[in-house]
Amino acid sequence: MLRLTVIGTGYLGATHAACMAELGYEVLGYDVDEVKISALQSGKVPFYEPELPELLARHVAGGRVAFTTDIDEVANFGDVHFLCVGTPQQPNGYAADLRYVHAAIETLAPRLRRPCLVVGKSTVPVGTATTLATRIAELAPAGADVELAWNPEFLREGFAVRDTLRPDRLVIGVQTSRAERVLREIYAPLLDAGVPLVVTDFPTAELVKTAANAFLATKISFINAMAEICEVVGADVVQLSEALGYDPRIGKRFLQAGLGFGGGCLPKDIRAFRARAEELGAAEAVAFLAEVDAINMRRRARVVELARRECGEDFTGRRVAVLGAAFKPNSDDIRDSPALDVAETIRRAGAHVSIYDPEAMPNAAARYPQLDYAKTAFAACENADVVLHLTEWQEFREIDPAALGEIVAQRRIIDGRNVLDPNLWRAAGWMYRGLGRP
Ligand code: UGA
């Protein structure tokens with residue numbers, strides 16, 4: 001049976017390692033971060049992801065998955081090496097920062113002395129795979145016996161295990177039938193279960209991922225643009241979205257108007273796409289993504305504006321409660337979190353901001369120590385002049401508006417995610433305001 005390694009053990013890599021073990025493979029995970037590796041080695045997931053802790057603990061205990069910081073061990077172990085390192089936005093620009101991808105190849109390739117397949121899963125600008133294949137050919141002692149394939153990942157945080165074991169589709173970019181055979185073998189349990197497979201070349205495989213995230217971001221910004229219009233004419237974007245969604249050509253998913261998208265993927269991926277298109281002399285083709293980004297950022301400004309209005313046009317000395325810090329529910333990820341962006345903007349404008357999130361508080365507090373973190377949703381709302389609901393955790397939907405009304409200074413709530421029931425809140429004496437709703 002093929003032995004697999006996973007290079008980079010963040011959300012993607014840790015999940016991939018555990019899921020490949022679940023498929024029956026022996027897996028060795030590698031990372032340069034020793035703290036992360038020692039947690040994983042003891043069966044602990046260093047971030048919040050439903051289903052993953054049980055899966056990982058089981059396969060670490062069973063010996064099917066192990067973790068190391070020793071790259072020589074990785075090179076000796078693997079028949080297939082999955083590249084799962086991060087590709088964040090560059091600190092001083094829109095392009096993707098590929099330093100971790102290059103570093104992984106530069107360290108691994110010179111150690112590849114036997115036939116193997118390197119499989120890129122990281123989200124990269126189109127053209128990267130071809131460059132990496134050339135570099136591997138230059139560096140690997142095993143020469144032509146080492147090959148590269150590109151196999152983009154489409155998992156969502158919060159559903160990572162499910163998305164890996166039952167993806168909507170598998171995409172593999174290959175240069176030879178040998179590489180295709182190996183990947184078909186690895187994913188045989190998924191393919192047998194009917195998961196569609198698209199076999200293609202490198203640039204297409206890379207682009208599928210970029211295009212998918214660009215499309216999803218565009219869909220969200222489309223409905224948020226409609227929300228802006230709804231706000232002007234007094235229409236209701238929630239009903240508009242529902243009515244649009246019944247058309248199967250449009251579909252209702254990713255059509256939820258609100259505070260917009262954040263996270264470690266959609267925002268940086270649309271920016272990296274623009275940067276890459278510009279390098280390729282094709283900037284015009286994706287110029288619309290600048291607008292998608294701008295619409296998305298305007299939603300954050302809109303929530304700040306609405307909150308300011310509820311505070312009598314001046315935040316100074318006001319108490320603002322923020323429910324939610326993660327970029328979306330069922331995650332403790334705060335990368336480019338719209339909720340925290342809004343909270344910090346309001347704090348800088350002079351308000352006292354008290355925030356609560358079921359899972360993301362440690363990450364939020366490390367990044368924004370200046371905000372005030374409450375132990376519960378109710379504690380965050382004590383004496384609040386306005387409550388902002390910014391990440392739609394189930395826990396917040398279950399709040400009893402009457403009970404919460406007892407402890408706030410003013411019964412005013414802005415629902416940045418349009419998921420609370422306005423009738424319920426209004427019946428309990430609250431001023432309820434959604435985004436793009438009358
Ligand atoms: C996204 C993609 O959905 C995955 O397919 C992809 O694999 C992943 O990026 C990646 O590139 O690694 P993720 O970042 O986990 O996954 O989050 P999403 O579920 O896509 O949500 C992104 C943001 O959009 C969140 O802030 C969410 O609140 C927002 N959103 C989503 C909306 O504002 N409205 C919607 O209707 C849907």
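Indexing begins at 1, ligand by ligand and atom by atom, following the structure's order.
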Just to verify, what does Val74 make a side-chain contact (heavy atoms from CB on, under 4.5 Å) with, not counting sequence neighbours?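 In terms of side-chain contact (heavy atoms from CB on, under 4.5 Å), with neighbours along the sequence ignored, Val74 is linked to Thr5, Ile7, Leu28, Tyr30, Thr68, Ile71, His81, Leu108.
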Specify whether Tyr356 and Phe396 have parallel, tilted or perpendicular ring planes, treating 30° as the upper limit for parallel and 60° as the lower limit for perpendicular.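 Rings of Tyr356 and Phe396: perpendicular, over 60°.
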Are the side chains of Arg433 and Arg437 in contact, using a 4.5 Å heavy-atom criterion?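 Side chain of Arg437 against side chain of Arg433, heavy atoms only: no contact under 4.5 Å found.
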Any pair counted as salt bridge (charged side-chain N to carboxylate O under 4.0 Å, His left out), so long as it reaches residues 338-347, sequence neighbours left out: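 Listed once each, the pairs are Arg300-Asp341, Glu344-Arg347, Glu344-Arg348.
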So does Glu278 pair up with Arg274, basic N to acidic O under 4.0 Å?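 Answer for the salt bridge query: no.
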List, one per line, each side-chain donor-acceptor pair under 3.5 Å for residues 146-153, sequence neighbours excluded.
residue, atom, partner, partner atom, Å
Glu147, OE1, Thr176, OG1, 2.6
Glu147, OE2, Thr176, OG1, 3.0
Glu147, OE2, Arg178, NE, 2.8
Glu147, OE2, Arg178, NH2, 2.8
Asn151, OD1, Lys121, NZ, 2.8
Asn151, OD1, Tyr187, OH, 2.6
Asn151, ND2, Val171, O, 3.0
Glu153, OE1, Lys121, NZ, 3.2
Glu153, OE2, Leu155, N, 3.1

Heavy-atom cut-off of under 4.0 Å around ligand 1: list whichever protein residues fall inside it, by chain and number.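 Lining ligand 1: Glu153, Phe154, Leu155, Arg156, Glu157, Lys209, Asn213, Leu216, Ile220, Phe254, Leu255, Gln256, Gly260, Phe261, Gly262, Cys265, Leu266, Asp269, Phe327, Lys328, Arg417.
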